[in-house]
Asker: 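The following block contains the structure, expressed as structure tokens.
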Amino acid sequence: MTKLIGQRIKRNEDPRLLTGQALFVDDVNIPGMLHAAFLRSDYAHAYLRSIEVSAALNRPGVVAVITAQDMGDEWQPGPPLVSPPPTVKGVIFNSRTQVPLARDKVRHVGEPIALVIAENRYIAEDAVEDIDVDLDPIEAVVDLETALDRSAPLVHADLDSNLAAHLVQHRGDYAAARSEADLVIKRKIVIDRGAAAAMENRGIVADWDAKSEHLTVWDTTQAPIPIRNGLAQRLGLSVGQVRVIAPFMGGGFGPKMMMFYPEELLIPWVSMKLGRPVKWIEDRRENFYATTQERVQVHEAEMALNKHGRVLGVSHNFLHDSGAYDPYGLTIPLNTQSHVLGAYDIPNYYSDLKVVFTNKTLTTPIRGAGRPQGIFVVERLLDIAAKELGIDPVEIRMRNFIPPEAFPYEREIIDQAFAPLILDSGNYKPVLEKAAAMIGYERFVRDEGPRLRAEGRHVGIGIVTFIETTGVGPYEGARVTVEASGKIRVATGVGTQGQGHFTSFAQIVAEQLGVGIEDVHLVTGDTSDFHWGTGTFASRGAVVAGNAIYASTQVVREKILKLASKVLEAPEEELEIEAGQVRVADIPSLSISLGELALLANPLRGAVQPGTEPGLEATAYFGPQYGAAAFGVHAMILEVDPETMMVEIKRYVVVEDCGTILNPMILEGQIHGGVAMGIGNAYFEKLIYDENGQLLNASLADYLIPSAGEVPRIEVGHEETRSPLNPLGTKGAGEAGTIPVPALFAQALENALADLDIEILEMPLSPNRLFEILQKKEKEK
Amino acid sequence: MSDLHDVAVTVNGKKYHHAVEPRLLLSDFLRHDLRLTGTHVGCEHGVCGACTVLFDGQPVRSCLMFAIQANGHEIITVEGLGTREKLHPLQEAFWEAHGLQCGFCTPGILLTVVPFLESHPDPDENEIRQAISGNLCRCTGYQNIVDAIKLASEKMKT
Amino acid sequence: MKPAPFEYYAPRTVDEALSHLAEHGYDAKVLAGGQSLIPMMNFRLAQPSILIDLNNIAALSSIGVGENGDITIGAMTRHSQVEHDPLVAKYAPLVFETMPHIATSQVRNRGTFGGSIAHADPSAELVAVSVALDGRFHLRSQSGERWVPAKEFFLGMFATLLEPDELLVEAVLPSQPPRSGSALLELARRSHDFALVGVAAVVTLDGRNSCQDARIVFLSVGDRPVEAHKAAQVLIGQIPTTEALRAAAEVAAVEDVHPSSDIHATAAYRRHLVKVLTRRVLKLAFERASSNSD
């Protein structure tokens, strides 16, 4: 068997993408297609008094204008996506989900109020301006910390506060640990808002064919199967009448996993009503309001340690900003809780979480999905403790790591999958040692750092560790088929947004079935090809779908050997599959091609034995017991210009351990991209809201995504601690690049400015903010 | 309602004659009127660079031009660079070096780089990063893109 | 983000363009490179009912040098042309140094010199540079023409002396006197972003190597380019020592500029950057003046 898993193989999908021949949603063109544009709220919080649409309807080229009124009984709030965890006692959860079109009230800037359908998007936008809407503004709830005050206006008037959820989790006895501690570090930590800002904005094309009673939808979704199921239910159709296609997508990063966006319900609905195909493509300005965001949390956090730097316990009360609605439940803050103990063996933990409604765009997972916040808190507290105790940052981490023999390690709290959090496997010390060696940690601390400082330069080093829970269930599935051509067709449900699934999955199949990777044709993201599964999120594609593909490939391989054994009249043990042929070992003339075998498996005469299936095909599902926990270390050397506060990253090192690697080239690409996003999250990207809930930087000119000049070269090292949870031994890695970066920046900046003795307890930062922190420190002296 | 204006434009060597509204953006004209959907639209305010095409040989943001302004001019889009059967060496280099993930920003980068490599046949890392600083990528972290361009410069020298 | 409808004219000569402007005046916007105007139109922040496209007027695109070393740049000359022109490199080194700082290469392929000046964004490098070089602009209308000094031209955010029927046709940038040096420094979050603060400086030394003249002009600290007169005064007659430069920078930050806060930078941080960048740009400019004097 030629080993393909673990090889750096070029991607199958690239020629299409490189030549502009790959279909993205906005490339879909159907005769008679109409175009949609939305009138969206300019206010963060207002009563919707009236809407006057006649001028818009009278504009030539306008076909329809829809308001909440026009939907009648079909107007319903969207279904909640993730319910609160039933397994946690005493959880309070007030479910309030987004609505298709605002009815009495608007709750965030950009909330849709009316839908215009016209011959083209230009006319549709003209007509949007024709609509006269009377919005009566109310005071907006913007600041997280005052949102729960008695005097705060209510985002949802039927509740008696802006509390969306309250949940307490604990492990052991933190109070007892605290009383025994030699040192308690207590800090307030603030993390602010960011956007995923994929290069492709969202879009939907819906085509209701009344004659065949069939609805086809192209959607930039990371979850075509649940979208299909939900649409069928909402629109009163059977699932067989709905086909959802997630074609090539220009990046997902989480928000395209959110469902149902108002547009996702409305566009198919209006296509059915009008009997014509309808296209809606989000523009970049809309994307800043209408696509979900993430990250705002405020933590009052504590860490209790003994004098050797052993962490005895962590406790934090934190607020999490849900935005105007909470369809995604507690996923993000549960991830925060799952990660605030980091990679460390911390026996005592207490967490009081309050989720709060605000008049801002809703928050749903964005790459990292709550994990970066947890890691930021624990790594910051640990760094501060290390300073106070005079222990080196690498050393203090070594002292606290979960040791390899402790796995599977039970955290004794509930995670986002509503199951007790168990870390499956890990071997952390070698990874940290490798990263430290790669960046020359000891040499820098001992020689280079002091030398540069003596020259008056502000160069600093940072090194942080993190875990990442990945590969959660419930399940994914795949169908593998050998075709008469000898090529292998694979169908699975997880869509792709650039992760290279077409190739990494093909490697799994090609290796098992002895074919070339170019002979494996993978289809994904089309519910007519495969319709059982959830989607691409939480770094689970490779783990869950990959293992489903592995499982179904195994069954096909067995079928191949069984049939070939009969045909070649040789025992199965003597057969091998290589280069698309099954042959008897050592007798090359006794062979049959896979294609011929496939034909024989589907005879036109004779009989298929009862209890067997025709063809060489198998469908299998994989659902992990629980998620696999990956681990990694990031290290960085940076220089700060203490006059301008501009930062230059001199070196960046990543060592990651995500178990078995399917394709190192693809994995490294994911790391590079994740780090770039992490750098954005740490030092460039911040969504700036004013006190009225207005987003002040809703453009790519003002929301600063790193460009090629801002991202350094990233050196990547690998360790492989297999996961015992799946046959491939693999763990997810899609979010790993992003998770520890803010914590790393904070440590490295403090180190670079060590003579100024600042403490960084917030993210994101900027040169301006660093200036203010330094000014404040100056004044205190 | 504005009058329609004539546009006679050569795209990828082929001549087109259309009558368009003055406000029709060149990006929309290429994608929807000419059905050349390889040029992508990411922002419509000239920042992301996904819509970059060659206009009389120079990289420009097609979202910041009106289609009528292309009257009498020549445009190259990604479809004019190469085909799946015969990739341009730059496209080959991107494939080998894993210089793309979702591929949305890629056409804009390819067209920015083609003239850059003509004037800088042996670029160093800094020059490459400067050259693509007007093309945002959210997937790759730029590293493999830089490597792909370096690889292409070597391929194209021979 | 599609623009609102407009009527479109594409004149082939300056006279045609002026005739359109005379007829439509207030209702019309002139379309030069479009790199600032079209984004505003796509956001519908600008909705001109008439657009006069200057891109077909070949006569407006030119770079020439007069006998006295003054450089003349036609309004429709693309930034990328100015960026690579050997005459500009030789006779207007400050402009030559500035060009790569303007946005990105793709934007520079369309953006024009005149467009940048007429748009009058206080964050535009050429706006500050034209004042630092004591440039002057040639304005024409159907009824006449006039020359306006750069330092009088910019009235406020996106506001200039241009009348609705007037067109900026060319800019003249005087050559620098002997023993002069110039420099531009700016600080931006990403290399192609608008500067948080930027400064252009032109300094001249006298026979004794003390400062004979200094012009220091800031971008991004107000609603128009801001000339640091007081800081310049501090320098004149002084040997440009480190201490003298520091003093001048201090004066510039405290007395010459009155920046405000916006989403990208606070007033305090801008003032601080003014101090830092002024010192650095003066050092560079004086070093160049010094080597130009050898």
Side-chain angles (χ1 to χ4, degrees), chain A residues 8 10-11 13-24 26-27 29 60 120-122 196-201 248-253 281 283-285 496-500 665-666 668-677 679-680 699-701 705-709 711-714 737, chain B residues 1 21 23-24 28 31-32 35-48 50 77-79 81-85 87-88 90-92 94-107 110 125 128-146:
Chain A
R8 301 179 161 267
K10 288 191 326 192
R11 301 192 326 170
E13 54 266 56
D14 285 0
R16 293 164 71 183
L17 289 165
L18 284 164
T19 54
Q21 299 302 312
L23 184 84
F24 291 84
D26 191 25
D27 303 342
N29 187 61
N120 66 49
R121 174 72 179 216
Y122 290 69
M199 282 301 109
E200 182 203 29
N201 297 311
F248 279 98
M249 272 168 58
F253 310 118
I281 301 298
D283 63 41
R284 182 55 65 175
R285 176 170 48 191
T496 177
Q497 305 86 41
Q499 307 92 326
M665 197 176 70
I666 289 177
E668 283 165 16
Q670 288 291 302
I671 302 282
H672 297 164
V675 169
M677 221 173 220
I679 291 172
S699 84
L700 290 182
I705 297 175
S707 71
V711 184
R713 197 154 267 279
I714 299 153
Chain B
M1 189 57 171
E21 252 196 291
R23 64 170 169 166
L24 180 67
D28 288 334
R31 288 179 49 73
H32 303 299
R35 302 280 170 78
L36 295 167
T37 56
T39 303
H40 297 143
V41 171
C43 74
E44 288 177 322
H45 46 282
V47 179
C48 76
T77 68
V78 69
E79 290 91 341
L81 267 193
T83 62
R84 289 164 72 175
E85 296 71 42
L87 293 174
H88 186 283
L90 182 61
Q91 290 164 321
E92 270 178 26
F94 267 70
W95 192 13
E96 282 171 41
H98 189 36
L100 64 152
Q101 290 182 28
C102 80
F104 197 76
C105 73
T106 310
L110 293 175
E125 171 136 6
I128 294 173
R129 285 183 184 259
Q130 257 297 109
I132 59 170
S133 63
N135 295 82
L136 295 179
C137 173
R138 206 51 164 152
C139 292
T140 68
Y142 304 102
Q143 186 157 320
N144 288 349
I145 293 177
V146 172

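Below, chain A is the first sequence line, B the second, and so on; all start at residue 1. Quick caveat, the model's predicted, so the values are computed rather than measured.
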Asker: At a 4.5 Å cut-off on heavy atoms, which part of A/P712 comes close to chain B: side chain, backbone, both, or neither?
Answerer: backbone

Asker: Report yes if the side chains of B/E79 and A/Q21 come closer than 4.5 Å at any heavy-atom pair, otherwise no.
Answerer: yes

Asker: Minimum heavy-atom separation for B/G141 and A/A676, please, with both atom names.
Answerer: CA-CB, 3.6 Å

Asker: Count the heavy-atom pairs under 4.5 Å between each of A/N120, A/D27, A/L17 and chain B, then report the option with the highest count.
Answerer: A/D27

Asker: On a heavy-atom basis, which atom in A/L18 and which in B/Q91 lie closest, and how many Å separate them?
Answerer: O-NE2, 2.9 Å

Asker: Rounded to the nearest 0.5 Å, what separation is found between the CD atom of A/Q497 and the CZ atom of B/R138?
Answerer: 14.5 Å

Asker: Counting only heavy atoms closer than 4.5 Å, note whether A/V675 contacts chain B via side chain, backbone, both or neither.
Answerer: neither

Asker: Under 4.5 Å, counting heavy-atom pairs only, tell me which of A/G251, A/G737, A/A197 racks up the most with chain B.
Answerer: A/A197

Asker: Taking C-beta and beyond as the side chain, do B/T37 and A/D26 meet within less than 4.5 Å on heavy atoms?
Answerer: no

Asker: To the nearest 0.5 Å, how far apart are CD1 in A/I281 and CZ in B/R31?
Answerer: 8.0 Å

Asker: Heavy-atom distance under 4.5 Å to chain A: side chain of B/T106, backbone, both or neither?
Answerer: side chain

Asker: State, yes or no, whether a side-chain contact exists between A/E668 and B/Q143 at a heavy-atom distance under 4.5 Å.
Answerer: no

Asker: Please round to the nearest 0.5 Å and tell me the distance separating atom CD of A/E13 and atom CD of B/Q101.
Answerer: 10.5 Å

Asker: Could you tell me which portion of A/A701 (side chain, backbone, both or neither) has an atom closer than 4.5 angstrom to a non-hydrogen atom of chain B?
Answerer: both

Asker: Who among A/G20, A/G709, A/P60, A/G252 has the most heavy-atom pairs with chain B under 4.5 Å?
Answerer: A/G20

Asker: Do A/Y122 and B/L24 have side-chain heavy atoms sitting under 4.5 Å apart?
Answerer: yes

Asker: Of all the heavy-atom pairs spanning A/F253 and B/C139, show the shortest one and how long it is.
Answerer: CZ-SG, 3.8 Å

Asker: Check A/M249 against B/C102 and note the closest heavy-atom contact, atom names and distance.
Answerer: O-CB, 3.3 Å

Asker: Looking at A/P706, A/G680, A/G674, which makes the most heavy-atom pairs under 4.5 Å with chain B?
Answerer: A/P706

Asker: Is there a side-chain contact between B/C105 and A/E200, using heavy atoms and a 4.5 Å cut-off?
Answerer: no

Asker: Where does B/H32 contact chain A at under 4.5 Å (heavy atoms): side chain, backbone, both or neither?
Answerer: side chain

Asker: Could you tell me which portion of A/L23 (side chain, backbone, both or neither) has an atom closer than 4.5 angstrom to a non-hydrogen atom of chain B?
Answerer: neither

Asker: So, applying side chain to side chain contact (heavy atoms under 4.5 Å, CB included) with B/H98, which one of A/K10, A/R11, A/H672 is it?
Answerer: A/R11

Asker: Would you mind checking which part of B/E125 comes under 4.5 Å of any heavy atom in chain A, side chain (CB onward), backbone (N, CA, C, O), both or neither?
Answerer: side chain

Asker: What part of B/L100 is in contact with chain A, defined as an atom under 4.5 angstrom from a non-hydrogen atom: side chain, backbone, both or neither?
Answerer: both

Asker: Please report the closest heavy-atom contact between A/L700 and B/V47, naming both atoms and the distance.
Answerer: O-CG1, 3.6 Å

Asker: Check B/L136 against A/I705 and note the closest heavy-atom contact, atom names and distance.
Answerer: CD2-O, 3.9 Å

Asker: Are B/E44 and A/R284 side-chain neighbours, meaning at least one heavy-atom pair lies under 4.5 Å?
Answerer: no

Asker: Can you tell which part of B/N135 gets under 4.5 Å to a heavy atom of chain A, answering side chain, backbone, both or neither?
Answerer: neither

Asker: Supply the atom-to-atom distance A/N201 CG to B/H40 NE2, rounded to the nearest 0.5 angstrom.
Answerer: 12.5 Å

